[in-house]
Amino acid sequence: MPELPEVETVMRGLQVAFQGQNLSHVIVRRADLRWPFPANLPQRLEGRKVLSFRRRAKYILMRIEGGQTLLIHLGMSGRMNIGPANPNATPPLHEHMVLQTANGFRAGLVDPRRFGIVDLFPTNVEDDHRLLSALGIEPLSDALSHTSLKAMFSGRRTPIKTALLDQKLVVGLGNIYVCEILFRAGIHPERTTGSIKDAELRDIARIIPDVLNEAIASGGSSLRDYVQTDGSKGGFQELHRVYGREGEPCPTCAASGRTENILRITQSGRSTFYCARCQKAPTG
C-alpha cells in the first residue's frame, strides 16, 4: 500500500496540475471501488474550481468550490496518472475515474484491485469524516516530538514497530518506512514501547521526518504498483538500507569493516528487516 511519501508525492502532482483550475469533465466508469462512488459525482463536480489540497495520513483531500471535499485513497494498487487530455487516446486498463480541467489536463485513477476509496462530503466537517476522525498525529507536523511519543507509548507493552504502524498514534507510516526508521535509530523492532528511553525517543522523533522527507524528495518507493503522477517510478527504494534486503550486508556494518547481513522476521503477519548488530535484541 502506498505510504505517506507516495501519497504526498501524488497529492503534490495533483496540486500542480489542478489547483485553481475548473473541472470541465468528470468520468466514473463503474459503480464502486471498495465502496460505491458518491452519487451523481460528475454533476456535483463539473464546472467547479479546485481550491486547495491537503493530505491527511494516506488520504488525499481536494477542496472544491462550493464547500465540498473530494477524498481519494489509493488503496493497495491505486495510482493517479496526470497529463494532457487526449480525446483520441485509449483509456488505460482499470482506469475507473477521470478528472479533467478546462485548460486541458486530466488525472485518471487506475486501481486494478479496486481497494481504493473516493468520497465527497462538506469541507467544514472534514476532520469528522468517519475515515479521518480517529487518526493520530501527522509525523511531518510540530505535533511529533519525543514528548508526544512518550505520552503515546506510556503504559504500553507492544513492540515498537507495531506501535509506529498504529494509525491512531502516528499516521502515514507503513512497513517500509518503519523498518528504515528503526534501523537508523538503532532500535530492535521487537523492543517494547515501555523499554524505549528518552534519548531514543528523541532520536525517533528526529529520524521520522528525516526519512519521510528524503523519500518524498525521491518521489517515494516503487516496489509493485506505485508510480508517480507522470508514470515514472519513485527512487527511494534504491536508498532502502534494510527493507527488502534480507541476506545483504548491513551498510553501516560494512562501512565499519564488519560483516553482518540484514535479517528478516515476521511481526503481525508482516516482514520486518533489521540488523542484529546495529539493532540489539531486547533483553529480559
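Residues Gln279 and Ile187 fail the side-chain proximity criterion, which asks for heavy atoms closer than 4.5 Å. A heavy-atom distance below 4.5 Å is not found between the side chains of Asn261 and Glu248. Counting only heavy atoms from C-beta outward, the side chains of Leu93 and Val110 never approach each other to under 4.5 Å. Side-chain contact between Glu260 and Pro249: absent, with no pair of heavy atoms (C-beta onward) separated by less than 4.5 Å. With a 4.5 Å cut-off on side-chain heavy atoms, Pro139 and Pro209 do not count as touching. Between Val7 and Arg55 there is a side-chain heavy-atom pair separated by less than 4.5 Å. Side-chain contact check for Ile72 versus Met97: some heavy-atom pair is nearer than 4.5 Å.
Within the structure, ring-ring contact (aromatic ring centres under 6.0 Å, His included) contacts touching residues 118-147 (residues at least two apart or in different chains) are Phe121-His129.
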Tell me, with the steps shown, if Leu61 and Leu70 meet side chain to side chain contact (heavy atoms under 4.5 Å, CB included). CA-CA 6 Å; Leu61 304 174; Leu70 183 71; over 6 Å; no

Run the numbers on Arg264 and Ser271 for side chain to side chain donor-acceptor pair (under 3.5 Å), then give the verdict. CA-CA 6 Å; Arg264 181 180 67 86; Ser271 292; 3.2 Å; yes

Report the C-alpha separation of Glu200 and Arg191 in whole Å, then their side-chain angles, then the decisive distance to 0.1 Å, and conclude whether the salt bridge (charged side-chain N to carboxylate O under 4.0 Å, His left out) test is met. CA-CA 12 Å; Glu200 293 172 316; Arg191 281 183 58 186; 2.7 Å; yes

CA sep, side-chain torsions, deciding dist, call: Asp111, Arg34, salt bridge (charged side-chain N to carboxylate O under 4.0 Å, His left out): CA-CA 10 Å; Asp111 187 2; Arg34 188 188 310 183; over 6 Å; no

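Residues Gln267 and Pro189 approach most closely at NE2-O, 3.2 Å, considering heavy atoms. Residues Leu4 and Val171 come closest through the heavy atom pair CD1-O, 4.2 Å. The two residues Ala107 and Ile82 come nearest to each other via the heavy atoms CB-CG1, 3.9 Å. Of all heavy-atom pairs spanning Met62 and Val50, the tightest one is CG-CG1, 3.6 Å.
Looking at Arg63 and Ser52, their side chains do bring a donor and an acceptor atom within 3.5 Å of each other.
Across Arg30, Arg79, Arg106, a single residue satisfies salt bridge (Lys or Arg N to Asp or Glu O under 4.0 Å) together with Glu95, and that is Arg106.
Between the side chain of Asn86 and the backbone N or O of Asn88, at least one donor-acceptor pair lies under 3.5 Å. When atom types are taken as modelled, the side chain of Gln167 and the backbone of Gly136 share no donor-acceptor pair closer than 3.5 angstrom. Not one N or O on the side chain of Ser154 forms a donor-acceptor pair closer than 3.5 Å with the backbone of Lys150.
Checked for salt-bridge contact, Glu8 and Arg12 meet the test: a charged N lies under 4.0 Å from a carboxylate O. Checked for salt-bridge contact, Glu126 and Arg56 miss the test: no charged N lies under 4.0 Å from a carboxylate O. For Asp127 and Arg54, the salt-bridge test passes: some basic side-chain N is under 4.0 Å from an acidic carboxylate O.
Taking CD1 of Ile160 as the start and OG of Ser195 as the end, the distance is 8.0 Å to the nearest 0.5 Å.
Within 6.0 Å of CG on Asp142 lie no more than 12 heavy atoms contributed by other residues, nucleotides or ligands. In the displayed structure, Arg157 atom CZ is contacted under 6.0 Å by at most 12 heavy atoms of other residues, nucleotides or ligands.
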Using atom types as modelled, flag every donor-acceptor pair under 3.5 Å from a side chain in residues 36-45 to any protein atom, sequence neighbours excluded.
residue	atom	partner	partner atom	Å
Arg44	NH1	Ala39	O	3.0

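Ring orientation note: the planes of Tyr59 and His73 are tilted relative to one another, at an angle of 30° to 60°.
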